[in-house]
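Read the structure below first, then the notes.
By convention in this document, chain letters (A, B, ...) are assigned in the order of the sequence lines, proteins followed by strands, and residues within each chain are numbered from 1. Predicted model, so just to flag it, every value in this text is computed and none were measured.
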Amino acid sequence: MNYWLVKSEPDAYSWDDFVRQGKAVWDGVRNYQARNNLASMRLGDPVLFYHSVEGKEVVGLAKVSHEAYPDPTIPEDPRWVVVELEPVTRLSRPVSLQQIKAEPLLQNLLLVRQSRLSVVPVSVNEFECILALGS
DNA sequence: GCCAACGTTGGC
DNA sequence: GCCAACGTTGGC
C-alpha cells in the first residue's frame with residue numbers, strides 16, 4: 001500500500017465539489033514526475049487532498065477508485081494518464097501548511113520540499129502524522 | 001503583486 | 001547537448 005497527496009486549487013476544484021460528485025477523474029496532469037506518481041497508484045491507496053493557493057491546507061482523505069489509464073481529454077497525446085478518486089472522509093480539522101512546516105516529523109514531506117509537484121508520494125509515518133493532526 | 005523554483009522550448 | 005529565455009506554479 002502506498003500513500004499519496006494531491007493538490008487542487010479550490011477555486012478550480014474543491015473538496016466540496018469532489019464530495020458533491022462522489023468521485024473525480026484526476027485529469028490535467030502535465031508533468032512527468034506527477035504522471036509517474038499517478039501511474040504508480042494502486043486501487044485503494046489512500047490519498048490526502050490538499051487545497052493549494054486558497055486555504056493551503058489538507059482538507060480530506062480520498063482513495064484510488066480506478067488505476068491509471070490514458071487521459072481522455074487529450075486522445076492525441078498518449079503520454080498522459082488519469083486516475084479516479086473517491087472521497088473517504090473530511091478531516092475534522094484541516095491541517096495547514098503552517099502546521100506541516102512546524103511539525104518535525106513532516107520536514108521531509110514532498111509537498112514542502114518540492115512545492116510545485118501536484119501529485120506526491122507520502123510515507124506511512126507522514127500520512128499518519130497528518131491524519132492525527134487532522135482528527 | 002512579487003518572486004523563487006523549476007520545467008520546457010528552441011537556437012546554436 | 002548546452003544554455004538562455006520564457007512560462008507556470010504556488011507560497012508569501
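In this entry the distance linking CG of A:L110 with P of B:dA5 reads 17 Å, nearest Å. Across the protein-nucleic acid pair, A:E54 atom CD and C:dG10 atom P stand 13 Å apart, rounded to whole Å. One atom, CG of A:L111, and another, C1' of C:dG11, lie 11 Å apart when rounded to the nearest Å. In this structure, A:K7 places its NZ atom 17 Å from P of C:dT8, rounding to the nearest Å. The nearest whole Å value for the distance from the CH2 atom in A:W80 to the C1' atom in B:dT8 is 11 Å. Rounded to an integer number of Å, the gap from CD of A:E9 to P of C:dG10 is 6 Å. In this structure, A:L117 places its CG atom 11 Å from P of B:dT8, rounding to the nearest Å. Following rounding to the nearest Å, A:Y13 (OH) and C:dG10 (P) show an atom-to-atom distance of 17 Å.
A sub-4.0 Å separation between OP1 or OP2 of B:dG7 and a side-chain N or O of A:Q33 is present. Distances shorter than 4.0 Å separate some side-chain N or O of A:Y50 from OP1 or OP2 on C:dG11.
At a cut-off of 3.5 Å, with distance as the only test, a side-chain donor of A:D71 or A:T73 sits close to an acceptor on the other residue. Side chains of A:Q98 and A:E57: no donor on one and acceptor on the other come within 3.5 Å.
Considering only the side chain of A:Y32, B:dT8 comes nearest among C:dG10, B:dT8, B:dG7. For A:K101, the side-chain atoms get nearest to C:dC12 when compared with the rest of B:dC6, C:dG10, C:dC12.
You'll find the ring centres of A:Y50 and A:W4 outside the 6.0 Å limit.
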Decide yes or no on salt bridge (charged side-chain N to carboxylate O under 4.0 Å, His left out) for A:E86 and A:K23, but give the supporting numbers first.
CA-CA 4 Å; A:E86 269 177 25; A:K23 73 167 213 174; over 6 Å; no
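Note on ring orientation: taking the six-membered ring where Trp is involved, the planes of A:F49 and A:Y13 are tilted (angle from 30° to 60°).
Contacts of A:K56 with the nucleic acid, taken as non-hydrogen atoms under 4.0 Å apart, include base atoms. Residue A:L97 is classed as a sugar-phosphate contact, given heavy-atom separations below 4.0 Å to backbone atoms only.
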